[in-house]
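To keep things clear, I will list the structure first and then write my remarks on it.
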Amino acid sequence: MSKEELNIVPDNSLQEEDSGEVLVAQRDLNQWQTKLIYGFGILTSLFHLWINTVGIMPEIQRNAVHFGLILFMGYILYPINKKVEKKTLPLDYILSLLSLAVAFYLVLFEDALHARNEVTTTVDLVFAGIAIVLMLEITRRTTGWLIPTLSILFLSYALYFGQFFGGMWNFPGVTVDRMLYRMYFAPDGIFGTIATISSTFVFLFVLFGAFLIKSGAGDFIIKLAVSLLGHTTGGPAKMAVFASGMMGSVSGSAVANTVGTGSITIPMMKKIGFKPKFAGGVEAAASTGGQLMPPIMGAGAFIMAQWTQISYLVIIGVALIPALMYFLSVTFFIHLRAKKRRIQPIPKEDLPRFRDVIKEGWNFFIPIIVLVTLLMKGFTPTFAASLGILSIIAASWVNKNTRMSFRDVMDALALGAKNMVTTGVILLCSGIVIGVVLMVGMGIKFSMMITTIAGGSIFLTIVLIALASLVLGMGLPVTASYIVLAVLAAPSLVSLMMKDYIIANMGMTAEMLANPQVLQNMTALVPNEVAQGALLAAHLLIFWYSQDANVTPPVCLAAYSAAGIAGSKPLETGVESWKLAKGLYIIPIMFIFEPAILFQGPLIETVEFVIAGVLGLFVFAIFFEGYFVRDLNWMFRIFFGINAFFLFWPSHTMNFIGIGIFIALFVFLKFTNKKVNGEGRAGEPAYSE
């Protein structure tokens, strides 16, 4: 059967329309504007390749140029309002040029500022003010009102309103001149740490993904998934999980992943008998997990590496098992639902042969191998990504059917820059929030507040972080949500995670550590390997929870995007995706309380807790689906719910008891099922939703 008959047709158009973590209204470009963005995108990508390989430029100046290039394209691509996009076009051209002007002003006059011992002139402050206004406006256009509003609130607190707060939240305020200087010229403002991450790691890996897409890797991934899983129970849905996991790691966007792979997988799921809302939910849940999957993991992994000073290679190494557990959890729901609905697999003869698919596209594995090998050898992510891009071009020429032409290379350069606009804007604007948080010490204050409210309980702290991530995620994209939570909430979680170690090894009591400030001070004395493990686990949990807004109603962009393809009701699809993505909430709690899952402990414990955790996720899916061997009544579902509790509990004894309970339930259901005909109870109608 041909790929056209199976609807295995790559939808690269998505990658050219949805360029970030949120769906936004782009301007309808005419031919001249399209050529302008195309050419400027090529120049932007070439600049970033140059500056991250052989080019030399001070960090803040490089970030300023990055700012100017991103905003120039942003103001042309995203109108002030879709209804008046033609009328406001002249204004947008002016704003585009002004973005370049404020960027190159810093490049040209930063040395003069240092020569004046950091004494700013009126012109300096005017350009700084313009840069902030331009930043806030382009962020509003690309992501909506929430991030700019949040930035303005933080600025207002530091400038004026902080003096009216009492207690630890009181802040006397800074002058406007000082604030403009910190946001524009200082290394903790718009052009600070987050901008560095954006202009280096993130840009190059977005470009890496664009080259993979243009080389035809997307088509290969879909066909590989079909050949591997199409013949299994619920095959097309499992195929969506496999394909979305691979594609999501490259694209870095759950929404882009949903629409890209979903345009192929959702119709196939519906065709074999899955309900539209379930098909959409599967794609949304699987695509959300794409950003959890190494080696790229969207932008979050790079930010995590920069902030925690933990090797990027270490992060993607420990993130692999939890990511695989997540995809297994979604697959369990699919398998049980397919069994419950008596859905038949696709005959093998109707699917492409695995051998043929590998023969046709084996060369697409070369860039991934090159990337991972370079990272394992200790090369920087920027160097690995740069060589990875070259390896994509070289690997494409190994197979005559996938060879990238000069035009394909130019298309990939333009596409990478265009795809970076929204993500770049989010990261740059986040610099405003981070700058204020660092200026006023808000991170420590917020962490102390969480610790006090949670009463020293790690579990309650995690619940508070989960609730905060859900609220933030309703308006903030994933990357911005992670950044805000990592700054505000990570310190409290890290401190509490080290609390037990301090009590056991440093002669302190729980009462002595009840004071958050004392606990914070004692954490500085914890051995580095213990502190690093806690820091990594805390940031990884926050990164996972930052994804939940993609699949959790009432605002779940990935699910709503999938609903549009599936032809289902958005809210119903959101509920399905929320149920299927339960691993997103459970697995982080597991690796916080069972750090062996993150390879922090003996290997035998890692194996034991992973097996118990995977089985627990399967049992949890049984509890939700109400099916295992046969349809289950509520009594059996409650038994399986209790069984999942034992398997999730961080205790060897509880885990072994949980395994024993599962075996007993399985044997009992198998034995009693012999007394009925078929897979359901005698005389029972076919399942319907």
Side-chain angles (χ1 to χ4, degrees), residues 1 3-18 21-26 82 218-219 221-222 225-226 229-230 233-244 247-248 251 253-290 330-331 333-338 340-346 350 549-581 624-625 686-689:
M1 180 175 283
K3 70 179 182 179
E4 286 76 21
E5 291 173 307
L6 272 171
N7 291 322
I8 309 172
V9 180
D11 183 13
N12 294 341
S13 62
L14 156 82
Q15 310 298 338
E16 301 174 12
E17 296 299 325
D18 172 41
E21 297 177 88
V22 290
L23 287 175
V24 290
Q26 290 191 9
K82 187 68 176 174
D219 186 18
I221 289 171
I222 296 294
V226 171
L229 300 168
T233 302
K238 293 176 181 177
M239 180 195 85
V241 175
F242 180 89
S244 296
M247 288 290 290
S251 72
S253 167
V255 174
N257 197 11
T258 297
V259 184
T261 58
S263 60
I264 299 167
T265 59
I266 290 174
M268 292 181 69
M269 284 187 265
K270 291 170 62 179
K271 189 174 182 179
I272 67 167
F274 284 115
K275 295 289 186 180
K277 64 179 182 180
F278 183 79
V282 166
E283 183 57 52
S287 294
T288 296
V330 179
T331 304
F333 276 99
I334 293 167
H335 185 81
L336 294 170
R337 180 68 64 93
K340 191 174 184 179
R341 289 189 56 81
R342 325 306 191 237
I343 291 175
Q344 299 301 312
I346 300 174
D350 292 340
N550 278 315
V551 290
T552 307
V555 179
C556 39
L557 288 175
Y560 290 170
S561 301
I565 300 171
S568 56
K569 294 180 179 179
L571 190 58
E572 289 184 354
T573 306
V575 172
E576 285 288 347
S577 68
W578 173 76
K579 184 171 73 173
L580 290 162
F624 260 91
E625 286 297 314
Y687 171 78
S688 61
E689 294 180 275

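Heavy-atom basis, side chains included; hydrogens, waters and symmetry copies ignored. We're numbering straight along the sequence, starting at 1.
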Exercise. Does a donor on one side chain and an acceptor on the other come within less than 3.5 Å for Glu283 and Thr258?
Worked result: no

If you compare all heavy atoms of [X] against all heavy atoms of [Y], which two are closest, and at what distance to 0.1 Å?
| X | Y | result |
| --- | --- | --- |
| Leu580 | Val330 | O-CG2, 3.6 Å |
| Phe274 | Ala237 | CE1-CB, 3.9 Å |
| Ala286 | Val241 | CB-CA, 3.7 Å |
| Thr233 | Ala338 | CG2-CB, 3.5 Å |

Seminar exercise, completed: Sequence neighbours excluded, the answer for side chain to side chain contact (heavy atoms under 4.5 Å, CB included) partners of Lys579 is Phe333, Arg337, Glu576, Phe624, Glu625

Problem set entry | Qualifying residues under side chain to side chain contact (heavy atoms under 4.5 Å, CB included), relative to Ser577, sequence neighbours excluded | Ala284, Val551, Ala559

[X] side, atom [atom1]; [Y] side, atom [atom2] - distance, nearest 0.5 Å:
| X | Y | atom1 | atom2 | value |
| --- | --- | --- | --- | --- |
| Thr331 | Leu229 | OG1 | CG | 8.0 Å |
| Tyr560 | Thr573 | OH | OG1 | 9.0 Å |
| Ile266 | Ile565 | CD1 | CD1 | 4.5 Å |
| Met239 | Met269 | CE | CE | 7.0 Å |
| Lys238 | His335 | NZ | NE2 | 5.0 Å |

Exercise. Mind checking whether Lys275 and Arg341 have side chains closer than 4.5 Å, heavy atoms only?
Worked result: yes

